[in-house]
Participant: 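I'd like to ask some things about the structure below.
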Number of protein chains: 2
Amino acid sequence: VKIEILNTGSELLLGRVLNTHQQWLCRQLADLGYVVGRQVAVPDTALDIVTTVKEALNRSDLVIATGGLGPTSDDRTRDLVAEMLGRKLSLDPSIVEKICGYFEKRRRPLPPGTEIQAMVPEGAVVLANDFGTAPGLAIQVEAGRFRAAASWLIMLPGPPRELRPMFTSRVIPLLRQEFPLNDEFVCRTLKTTGIGESWAEEKIAGPLRHLTDAGLELGYCARPGEVDVRFVATGPAGRHQVEEAEGVVRGLIGSHIYGTDDDQLEQVVVQLLSKQRKTVAFAESCTGGFIANRLTNVSGASEVFLAGLVTYSNEAKEKFLGVQASTLTTHGAVSEPTAREMAQGAREHTGADFALSVTGIAGPTGGTAEKPVGTVFIGLATPEGTRVKKMSNAFDRETFKYVTSQQALEMLRQALLPPGT
Amino acid sequence: VKIEILNTGSELLLGRVLNTHQQWLCRQLADLGYVVGRQVAVPDTALDIVTTVKEALNRSDLVIATGGLGPTSDDRTRDLVAEMLGRKLSLDPSIVEKICGYFEKRRRPLPPGTEIQAMVPEGAVVLANDFGTAPGLAIQVEAGRFRAAASWLIMLPGPPRELRPMFTSRVIPLLRQEFPLNDEFVCRTLKTTGIGESWAEEKIAGPLRHLTDAGLELGYCARPGEVDVRFVATGPAGRHQVEEAEGVVRGLIGSHIYGTDDDQLEQVVVQLLSKQRKTVAFAESCTGGFIANRLTNVSGASEVFLAGLVTYSNEAKEKFLGVQASTLTTHGAVSEPTAREMAQGAREHTGADFALSVTGIAGPTGGTAEKPVGTVFIGLATPEGTRVKKMSNAFDRETFKYVTSQQALEMLRQALLPPGT
C-alpha cells in the first residue's frame, strides 16, 4: 500500500507551528504495518492544495490530508477537493445538529461558518468528530480519474485533539477494511535507558543473527537518555520470530528495558510505586522541578507522589531538606555529600518511602575545572539506605534536564524491581 | 525566490523522530523575508532521494536538503547527488584534519567512515561544521540541467545542534549574497497572553485598516495560552508601517503584550526580577513543578529563583507552606483560601519577595459538579498583599499545565511592571 501524508497550512511553512501530525500519523501507521512513503507540507493556497492532492493521488493508494476543514476563510480543502473530483457538495443536517449540540453543551454561541463544515461531497464517508466541530471525510477516488487504479483520499481536521481520536476510532477500521495486509505484521519496541546504541547493538546483533537472516527486521532509535530496540516481522512465522527475539534481548540486556511500545519511564515508575503501595518525594536543584513535572504528567500520580522540593538556593536546601551548612561550605552544593543529605532530608521531611535528589551544573555557565558543566550527583534514599551516583551530562540546558531525569527515574525503577529480576 | 525543504530519513516516515527542522528552518527563513513553498520528507532510499531532489530542483530556485551526510551506510545523499549531477567526488584533506581534531579534543577514537564525510563534489562550497563531523555542502546547479534557470542545492547534516549553527553562520550569508531581496522586508511579532485571537482581532483590525489597506500584512497565531500578532511589510515604507502598527497595537492592548519576536514569558519574568533585584518562590500543586521547570530553563534563573515547593499531598501543604489543616478541611485543597495560604506560606517560608501558588484539578479525573476538571486557583503574594484568581482551564493534562503556568507567570509579570504602564 503506497501511502502519502499531505499537511496543509501556511502557518507550517512560515514556521509558526510545529508539525506534530507527521510523526504521530507515521508512527500509528507503522505500528499497524503500513509504511508512509512521502510526506508533503504546502501553504493553504488553492493552487498548492489542488496540485499536491493531484500529485499524491497519482502516486499513492491512500492519501491522508490534514487541515483546511474548519469554518474560516483559509479552510479551503473540502471545497477544492470536491471541485477537483467533480463531486457536488450538499448539506448534511445531522452534522449541523451535532455542531449545534457541541456549542450548546459548552454554553457558547454558535459562531458563523458552522454550515460550511456540514457540507459533504457526493459519495464521501463522514468521519464523526467527537472532540470538535468539523468532521473528517473519506472519498474513494474512482479508477481512471488520476491513474489506472482507484485510491482513497482521507481528509482530517488540523487540531491534534480532534485528529488523533478520529484517526483511531474512524480511520483505522476503514484502513483495515480497505487495505487488509496480506501478511501478518508484528511490531514490537523495547524501550531501554542507561545504555548507548552501539553498546546495545554489540550485545544483541550477533545473538539475533539467525532471526535477522530469516527476515526479522531489527532497528534502533537513539535519543538522548534512551534507546529503542524495534523488531518488525511479517508472515506466518512473524509472531514467533518477534517473541523469540524479545526473549533473547531480555536475556542479554533485560535490566535496562523499562517498558515496551508506548510506555514512558514515568508511567512505569508510578505503576511500580502504586502496585507496591509506596510513596516518593523529590529534592531537585539543577533539574528545577522537571522530574516532579514528568511524574505528575501521569494521571494517578497523586496516589504515590507526596512532594517535590525544588531547592535552588543553599538556604532552601538547609531549610526544607535539613542539609548541613557545613556540608555546603566544605563540599559545595554540587557534591556527593550534599546529594546524600538532600535525598535523606527529603525522605525524612516528607515521610515518603523513597526520595530522589539531584544537584549539578546544568550550564551553560557555572562550570569549573574540577566540576565541569554537566556534572551531576543523583541520590536515592530508600528504607535500606542512601546511595549517590555521579554522572556527566554535558548537553544544552533542556537536554541536560531530560537526560538527568531519565537517570534519576531509572535509579528509582531499579530499586523498585523485585529482587532477582 | 521559490524555496523547498527536503528532509530525508526513514526514521521520519516511521514516526520514530519528530521533524523539528521544518519549523526551525521555515521560521528562520520567514523572519529573513524568504518564504518556503513546500516541504517534503522521504525515506533514505536511493530512488526516493534522487526523485525528490530532481523534482525540487525542477520547481525551485533553492532546495535545502537535510540529513544523509553522516558516516553510516544509510547516509547516501552526498553520493547520490554527486552522481545525479555528474560531479566527481574528491577527498578534501582539510576536512579530514578537522574531523580528526574533533575526536582528539574529545579523547575518543576515530570511528570508521570518517573519510566519507570529507568527500566533496566538484564545484561544491563546503559549509564547515563547528559542532560535529560532516560538513554541509552547497552546489549551484547549472542552468539547463533540470530547468532553464540555475538553482542552488544546499545539503545540511541531520542533527539539530549541527544544522542550526551551520545555517546561521554559513547558509544565511550565502542566501543574502545569492538571493538578495529586492524589497526591504520588515517582520515583527508581538507576543500576548491572557486574550483570545478573536478578541485581539476585534480590538486592532479596525484601527490598523489604513495600514493593511496600504499593504501591511497582519497575521495572528493562536496557541493555548498565547496569541501572536505578526506584522510583515516590504518596500521603502515597510519599516515605518510596522513601527506605526506596533504603536497602535501597544496603545490598544499593550498591557497584554509580554514581549516581541522570540521572547518567552519565563525569560521576561526572570529579566524583570533580575533588574529589580527581587526574588521569587513557587508553591505548586496541580502544575506539579512545571512552573519551576519553565523558570529554570532560563539561564540565570538562579539569581532570582529561591525555591519551588511542589506540595501534592495535604500534609506537604501543611508542613512546607504552613497551610492550616482547618482551611483544607473546611474549603478543600482546591479553593481560594488554600491558594492564598499557599502563596503567603511560600513567601514567608522562603523569604522571597514574591510567591506564586497554584492549586486545581488537572483531570482527567477528580472533578465535581461544583469544581469541575480544569478549575484552578492561582495566588500571588507580594510585599503589598496577596490576591487569588480563579480560572477554568478544561484541557488535557499537559495543556492544562501550560495554560495555567502562562496565567501564573503573567500575574507575576503584571505585578512587576512599573506603575503607570
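The analysis underlying the following values was restricted to heavy atoms, covering all of them including side chains, and did not include hydrogens, waters or symmetry mates. Computed from a predicted structure; not experimentally measured. Reminder, nothing fancy here: chain letters follow the sequence lines and each chain counts from 1.
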Participant: May I ask you to test the Gln39(B)-Leu12(A) pair for a side-chain heavy-atom distance under 4.5 Å?
Facilitator: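 No, side chains not in contact.
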Participant: Between Arg16(A) (side chain only) and Tyr220(B) (backbone N and O only), is there a donor and an acceptor less than 3.5 Å apart?
Facilitator: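 It does not hold such a pair.
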Participant: Less than 4.5 Å to any heavy atom of chain B: does that hold for the side chain of Arg223(A), its backbone, both, or neither?
Facilitator: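 Contact with chain B is through the side chain of Arg223(A) alone.
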Participant: Sequence neighbours excluded, which residues qualify as ring pair (Phe, Tyr, Trp, His ring centres under 6.0 Å) partners of Tyr312(A)?
Facilitator: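 Result, ring pair (Phe, Tyr, Trp, His ring centres under 6.0 Å) vs Tyr312(A): Phe305(B).
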Participant: As an exercise: rank Gly37(A), Pro43(A), Ala30(A), Ser10(A) by heavy-atom pairs under 4.5 Å with chain B and give me the winner.
Facilitator: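 Among Gly37(A), Pro43(A), Ala30(A), Ser10(A), the one with the most close pairs to chain B is Gly37(A).
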Participant: Can you measure from CD (Glu315(B)) to OG1 (Thr350(A)) and round to the nearest 0.5 angstrom?
Facilitator: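 Going from the CD atom of Glu315(B) to the OG1 atom of Thr350(A) covers 10.5 Å.
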Participant: With a 4.5 angstrom heavy-atom cut-off, could you sort out which part of Asp228(A) is near chain B: side chain, backbone, both or neither?
Facilitator: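 The side chain, not the backbone.
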Participant: For chain B, which candidate among Gly366(A), Gly363(A), Ala292(A), Gly308(A) shows the most heavy-atom pairs at distances under 4.5 Å?
Facilitator: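 Maximum pair count with chain B is reached by Gly308(A).
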Participant: Any side-chain heavy-atom pair from Asn297(A) and Phe290(B) closer than 4.5 angstrom?
Facilitator: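 In short, these two side chains do not touch, never coming nearer than 4.5 Å.
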Participant: For Pro364(A) versus Ser299(B), what's the shortest heavy-atom pair and its separation?
Facilitator: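 That closest heavy-atom pairing would be CD-OG, 3.4 Å.
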Participant: Please report the closest heavy-atom contact between Leu13(A) and Cys26(B), naming both atoms and the distance.
Facilitator: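 Shortest heavy-atom contact: O-CB, 3.2 Å.
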Participant: Any side-chain heavy-atom pair from Arg38(A) and Thr52(B) closer than 4.5 angstrom?
Facilitator: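 Result yes, sub-4.5 Å side-chain heavy-atom pair found.
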Participant: Measure distances from Ala316(A) to the heavy atoms of chain B and classify the residue's part below 4.5 Å as side chain, backbone, both or neither.
Facilitator: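 Only the side chain of Ala316(A) comes within 4.5 Å of chain B.
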Participant: Which atoms form the tightest heavy-atom contact between Thr20(B) and Leu18(A), and what is the distance?
Facilitator: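 Minimum heavy-atom contact is CA-CD1, 4.1 Å.
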Participant: Using heavy-atom distances under 4.5 Å, tell me whether Val298(A) contacts chain B through its side chain, its backbone, both, or neither.
Facilitator: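 The answer is the backbone of Val298(A).
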Participant: Please look at Thr311(A) and chain B and tell me whether the side chain, the backbone, both or neither of the residue comes under 4.5 angstrom of a heavy atom of that chain.
Facilitator: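 The backbone, not the side chain.
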Participant: Roughly how far, to the nearest 0.5 Å, is the CD atom of Gln23(A) from the CD atom of Glu11(B)?
Facilitator: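 One finds 10.5 Å between CD of Glu11(B) and CD of Gln23(A).
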Participant: With a 4.5 Å cut-off on side-chain heavy atoms, are Phe320(B) and His349(A) touching?
Facilitator: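 Contact flag for His349(A)/Phe320(B) side chains = yes.
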Participant: With a 4.5 angstrom heavy-atom cut-off, is it the side chain or the backbone of Thr51(A) that approaches chain B, or both, or neither?
Facilitator: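 The side chain, not the backbone.
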Participant: Checking Glu55(A) against chain B: side chain, backbone, both or neither under 4.5 Å from a heavy atom?
Facilitator: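 When you check distances to chain B, only side chain atoms of Glu55(A) fall under 4.5 Å.
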Participant: Report which part of Ala41(A) has an atom under 4.5 Å of a heavy atom belonging to chain B: side chain, backbone, both, or neither.
Facilitator: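 Contact with chain B is through both the backbone and side chain of Ala41(A).
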Participant: To the nearest 0.5 Å, tell me how far Asn314(B) CG sits from Leu306(A) CG.
Facilitator: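 One gets 11.0 Å once the value is rounded to the nearest 0.5 Å.
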Participant: As an exercise: rank Ile5(B), Thr189(B), Val17(B), Asp31(B) by heavy-atom pairs under 4.5 Å with chain A and give me the winner.
Facilitator: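 So the answer, after comparing Ile5(B), Thr189(B), Val17(B), Asp31(B), is Val17(B).
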Participant: Measure distances from Thr287(A) to the heavy atoms of chain B and classify the residue's part below 4.5 Å as side chain, backbone, both or neither.
Facilitator: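 Backbone of Thr287(A) only, per the 4.5 Å heavy-atom cut-off to chain B.
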Participant: Are side-chain heavy atoms of Leu309(A) and Leu309(B) found at a separation under 4.5 Å?
Facilitator: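 With C-beta onward as the side chain, the pair touches.
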Participant: For chain B, which candidate among Val310(A), Val42(A), Val36(A) shows the most heavy-atom pairs at distances under 4.5 Å?
Facilitator: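 Most heavy-atom pairs under 4.5 Å with chain B: Val310(A).
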Participant: Less than 4.5 Å apart, any side-chain heavy atom of Lys401(A) and any of Asn293(B)?
Facilitator: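 Yes. Closest side-chain heavy atoms under 4.5 Å.
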Participant: Would you say the side chain of Leu14(A) lies within less than 4.5 Å of the side chain of Arg230(B), judging by non-hydrogen atoms?
Facilitator: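 Result yes, sub-4.5 Å side-chain heavy-atom pair found.
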